K.L.:
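Encoded as structure tokens, here's the structure I'll be asking about.
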Number of protein chains: 2
Amino acid sequence: MSDAADALIEHCREAGQRITGPRRIIANVVVKSDDHPDVSEIYRRVTAIDPGISLSTVYRTLKIFAATGLVERHSFAGGRVRIEPASEVHHDHLIDIASGAVIEFRSDEIERLQALVARELGFELTGHRLVLYGRPLVRTLRRARKP
Amino acid sequence: MSDAADALIEHCREAGQRITGPRRIIANVVVKSDDHPDVSEIYRRVTAIDPGISLSTVYRTLKIFAATGLVERHSFAGGRVRIEPASEVHHDHLIDIASGAVIEFRSDEIERLQALVARELGFELTGHRLVLYGRPLVRTLRRARKP
DNA sequence: CTATTTAATGAGAATCGTTTGCAAATGCAT
DNA sequence: ATGCATTTGCAAACGATTCTCATTAAATAG
């Protein structure tokens, strides 16, 4: 239905994959997930639409989508794998340790330094993984200044 | 036996832990592991010294050492947990995608930027996890220039 | 040095997320 | 519609890690 889901499906067809009911549904669920859900959450959302779809199919389909570069699978902090639709622009993640929320960010400066560091060590940087963990800054209430 | 292992053991005692045979051996194996082995590799090394030590004990002991801050447990690229003795200086890792080797590095500049980025997003940086993946630079053989 | 107390161990079962084997169902080209 | 390869659902298998619990060993008191 969704534009992006159609694109995802189209990519699959081009990759020689059959377009099946489950795959359509999973594609739709994934593209409208902007909250980095884990697989069981995806499964929950998928079965809310079609209760007949099995967990294996969700896993298998996500793997195919990932292989085609259509979704990304992150494994933050030793936990379970979390899913996000692939986006044009690369970004890294900051985890709010208070709420567990995942915030996306991007820093060209950091990227540049990474490549530099790798080169200094004698490597060509082929990828990286940066996750920041942080606690929300308490917006310090402006205290009335004593004159 | 080793200086560092003694320190590790001493920390444990101070933390109210009993100093047992298995713990001594595991401590020794860990401190002389500069290659970021995974748990089963640690187990292999430990049982090479005392075949009676169980895998559960290795896991339990590593967890205790980690809790005391004496060893660090990393989970690179969706794989198994890998162990390293805690070091004074913080560092990040670069994985050689050709060999799987783990290289340690440190960049104050990157650290600084991370804190900055976090602050801009409204967070106080409490931790981070940076892993670079790279392919060894082929040291381009200086080709004889045709004059 | 031995007895007492209490924590640590070994062996295996249990758990968790993920993957796999297989028979039945389905997509798609004809 | 027909045939056939691909997908599916189910359940069993899996690998890493954790747990259970009876047994053993460390620290402590006597």
Side-chain angles (χ1 to χ4, degrees), chain A residues 6 8-27 29-30 36-68 70-83, chain B residues 6 8-27 29-30 36-68 70-83:
Chain A
D6 282 346
L8 213 166
I9 288 297
E10 202 42 50
H11 271 259
C12 272
R13 192 193 307 279
E14 279 161 22
Q17 303 286 339
R18 287 189 180 171
I19 305 312
T20 69
R23 283 178 185 178
R24 264 180 225 284
I25 292 173
I26 295 168
V29 166
V30 166
H36 306 77
D38 61 25
V39 176
S40 55
E41 177 58 30
I42 299 259
Y43 176 61
R44 226 166 285 130
R45 296 178 191 178
V46 163
T47 49
I49 299 172
D50 176 349
I53 294 174
S54 77
L55 183 56
S56 339
T57 298
V58 172
Y59 271 107
R60 275 187 289 235
T61 305
L62 288 176
K63 190 185 287 190
I64 289 168
F65 287 176
T68 331
L70 298 166
V71 314
E72 286 173 23
R73 310 202 288 173
H74 300 287
S75 51
F76 299 125
R80 62 205 65 178
V81 169
R82 300 180 65 166
I83 303 295
Chain B
D6 282 344
L8 213 165
I9 288 297
E10 202 42 50
H11 269 260
C12 274
R13 192 193 308 279
E14 278 160 23
Q17 302 288 336
R18 289 185 181 175
I19 305 313
T20 69
R23 284 180 184 176
R24 264 179 224 284
I25 292 175
I26 294 168
V29 166
V30 166
H36 306 77
D38 59 25
V39 177
S40 55
E41 177 57 29
I42 299 260
Y43 176 61
R44 226 167 285 130
R45 296 178 192 179
V46 163
T47 49
I49 299 172
D50 176 350
I53 294 174
S54 77
L55 183 55
S56 336
T57 298
V58 172
Y59 270 106
R60 273 186 293 234
T61 305
L62 289 176
K63 190 185 287 191
I64 289 168
F65 288 176
T68 331
L70 298 167
V71 314
E72 286 173 21
R73 310 202 289 172
H74 299 287
S75 51
F76 300 125
R80 62 207 65 179
V81 168
R82 300 179 66 165
I83 303 296

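Each chain gets a letter, A, B and so on, in the order the sequences are listed, and its residues count up from 1. What you are looking at is a predicted structure, and each value in this text was computed from that prediction instead of being measured.
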K.L.:
Rounded to whole Å, please give me the gap between CG in B:Leu62 and C1' in D:dT17.
P.N.:
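The answer, rounded to whole Å, is 12 Å.
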K.L.:
Using whole Å, what does the distance between atom P of nucleotide D:dG15 and atom OH of B:Tyr43 come to?
P.N.:
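So the two atoms are 16 Å apart, to the nearest Å.
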K.L.:
Just to confirm, is there a sub-4.0 Å distance from OP1 or OP2 of C:dT18 to any side-chain nitrogen or oxygen of A:Tyr59?
P.N.:
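Yes.
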K.L.:
Could you tell me how far apart B:Leu55 (CG) and D:dG15 (C1') are, to the nearest whole angstrom?
P.N.:
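Rounded to the whole Å, the gap is 11 Å.
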K.L.:
Whole-Å distance between D:dT7 P and A:Lys63 NZ?
P.N.:
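To the nearest whole Å, that distance equals 14 Å.
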K.L.:
Looking at B:Ser54, does any N or O in its side chain come under 4.0 Å of the phosphate oxygens OP1/OP2 on C:dT9?
P.N.:
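No, because none of the side-chain N or O atoms of B:Ser54 sits under 4.0 Å from OP1 or OP2 of C:dT9.
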K.L.:
Expressed as a whole number of angstroms, how long is the span from A:Arg24:CZ to C:dC28:P?
P.N.:
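For the pair A:Arg24 CZ and C:dC28 P, the rounded distance is 7 Å.
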K.L.:
Nearest to the side chain of B:Val81 - C:dT19, D:dT17, C:dT9?
P.N.:
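The listed nucleotide nearest to B:Val81's side chain is D:dT17.
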K.L.:
Rounded to whole angstrom units, what separation is found between the CD1 atom of A:Ile64 and the C1' atom of D:dT8?
P.N.:
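Spelled out: CD1 on A:Ile64 to C1' on D:dT8 is 11 Å.
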K.L.:
Round to a whole Å and report the spacing from CD1 of A:Ile42 to P of C:dG17.
P.N.:
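So the two atoms are 15 Å apart, to the nearest Å.
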K.L.:
When you measure from the side-chain N and O atoms of B:Gln17 to the phosphate of C:dA8, is any distance below 4.0 Å, counting only OP1 and OP2?
P.N.:
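Yes.
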K.L.:
Walk me through whether B:Phe65 and B:Ile26 qualify under side chain to side chain contact (heavy atoms under 4.5 Å, CB included).
P.N.:
CA-CA 10 Å; B:Phe65 288 176; B:Ile26 294 168; 4.1 Å; yes
K.L.:
Go through the N and O atoms of the side chain of A:Arg80 and the base of C:dT18, and report whether any donor-acceptor pair is under 3.5 Å.
P.N.:
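Per atom types, no contact qualifies.
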K.L.:
With a 4.0 Å limit, can you tell me whether A:Arg18 has a side-chain N or O closer than that to the phosphate oxygens OP1/OP2 of D:dT8?
P.N.:
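For A:Arg18, the contact criterion (side-chain N or O under 4.0 Å from OP1 or OP2 of D:dT8) is not met.
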K.L.:
Reading DNA chain C from 5' onward, which residue's closest nucleotide shows up sooner: A:Arg13 or B:Val58?
P.N.:
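Final value for this comparison: B:Val58.
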K.L.:
Nearest 0.5 angstrom please: B:Ile49 CD1 to B:Ile25 CD1, how far?
P.N.:
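B:Ile49 atom CD1 to B:Ile25 atom CD1 measures 6.0 Å (nearest 0.5 Å).
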K.L.:
Between B:Thr20 and C:dT9, is there a contact of a side-chain N or O with OP1 or OP2 at under 4.0 Å?
P.N.:
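So the side chain of B:Thr20 is within the cut-off, an N or O lying under 4.0 Å from OP1 or OP2 of C:dT9.
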K.L.:
Given that B:Pro51 and B:Arg23 both sit by DNA chain C, which one's nearest nucleotide is further toward the 5' end?
P.N.:
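So the residue in question is B:Arg23.
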K.L.:
Under 4.0 Å, counting only non-hydrogen atoms across every strand here, what does A:Arg60 touch: a base, just sugar-phosphate, or nothing?
P.N.:
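Base, at least one base heavy atom under 4.0 Å.
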K.L.:
Give one of base, sugar-phosphate or nothing for B:Ile19, where a contact means two heavy atoms less than 4.0 Å apart.
P.N.:
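If one applies the 4.0 Å heavy-atom cut-off, B:Ile19 turns out to touch the sugar-phosphate alone, with no base involved.
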K.L.:
Measuring from the side chain of B:Ser56 (C-beta onward, heavy atoms only), which nucleotide among C:dT9, C:dT20, C:dG12 has the closest atom?
P.N.:
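For the B:Ser56 side chain, the nearest candidate turns out to be C:dG12.
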K.L.:
May I have the distance from A:Asp50 (atom CG) to C:dA25 (atom C1'), rounded to whole angstrom?
P.N.:
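A:Asp50 atom CG is separated from C:dA25 atom C1' by 14 Å.
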K.L.:
Walk me through it: do A:Thr68 and A:Gln17 pass the test side chain to side chain contact (heavy atoms under 4.5 Å, CB included)?
P.N.:
CA-CA 10 Å; A:Thr68 331; A:Gln17 303 286 339; 5.8 Å; no
